[in-house]
Every structure is written in structure tokens, then in C-alpha cells.
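Owing to the predicted nature of the structure, the values given are computational and were not obtained by experimental measurement. For the single chain, residues carry numbers from 1 onward in sequence order.
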Amino acid sequence: MQGTVATYDAATRSGLLLLDDGTELPFPARAFDASGLRLLRLGQRVRVETDATGEVVRVTLPTMS
């Protein structure tokens, strides 16, 4: 699934994504850390990976595998 970065706090490495269907989805620092990214920009498109419970486990750029 994909969305857009709505908020991102570099100090906590967590933030909020706005999914394409309008749903807001928070992501924790561990999901950002799993991405290998250094930072996120507001409005940036991202791909979101979730676990079976729907918790975000990884946030990556759409062009990354």
C-alpha cells in the first residue's frame, strides 16, 4: 500500500502517513529504522508494509524493493 508523509519528527523518527484512501496511519521509529532511509519529507510518497495486525513495520520509497 502507498501513502504520503503527513508528519515526520526526525528526533523521534516517527510520524503519520496519509494513505491513498484518506486513512491516517501512524508509524513508529522501528518502521522508519527498518527502511534504511535517512529522512522523510512532508508530502513524500512512500510504500508501507504492515504486519498481520495492521501495524506499520517498514516505510520505504516506492522505487525501493
Side-chain angles (χ1 to χ4, degrees):
M1 110 182 77
Q2 291 191 9
T4 304
V5 178
T7 65
Y8 173 68
D9 183 345
T12 63
R13 298 178 329 282
S14 62
L16 182 70
L17 303 173
L18 183 60
L19 300 181
D20 290 343
D21 67 2
T23 304
E24 293 182 342
L25 183 64
F27 66 91
R30 68 182 169 275
F32 176 77
D33 293 343
S35 73
L37 299 173
R38 294 168 134 186
L39 62 93
L40 291 171
R41 296 182 322 271
L42 298 182
Q44 186 171 22
R45 292 287 296 167
V46 293
R47 183 174 57 209
V48 182
E49 296 176 25
T50 58
D51 63 14
T53 66
E55 185 174 342
V56 178
V57 294
R58 190 171 177 211
V59 177
T60 60
L61 299 179
T63 57
M64 296 177 69
S65 314

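Linking ILVMFWY residues whenever their side-chain heavy atoms come closer than 4.5 Å, directly or via other members, leaves V48 and L18 in distinct clusters. Using a 4.5 Å cut-off between side-chain heavy atoms of Ile, Leu, Val, Met, Phe, Trp and Tyr, with links allowed through other members, F27 and L42 fall into the same hydrophobic cluster. Note: the hydrophobic cluster containing V57 does not contain L16 (ILVMFWY, side chain heavy atoms under 4.5 Å, direct or indirect links).
For the residue pair T12 and A29, the shortest heavy atom distance occurs at O-CB, 3.2 Å. Taking both residues in full, the closest heavy atoms of R45 and P62 are given as O-CD, 3.3 Å, listed atom of the first, atom of the second, then distance. Nearest heavy-atom pair, V59 versus L37, reported as atom, atom and distance to 0.1 Å: O-CD1, 3.8 Å.
Taking CG of D9 as the start and CG of L40 as the end, the distance is 11.5 Å to the nearest 0.5 Å. Summarising the geometry, atom CD belonging to E49 is positioned 10.0 Å from atom OG belonging to S35; distances are rounded to the nearest 0.5 Å. Summarising the geometry, atom CG belonging to L17 is positioned 10.5 Å from atom CD belonging to Q44; distances are rounded to the nearest 0.5 Å. Rounding to the nearest 0.5 Å gives a distance of 13.0 Å between CZ of R58 and OG1 of T50. Taking CD from E24 and OG1 from T7, the interatomic distance works out to 8.5 Å, rounded to the nearest 0.5 Å.
In this structure, Q2 and D20 have side chains that are in contact, with non-hydrogen atoms separated by less than 4.5 Å.
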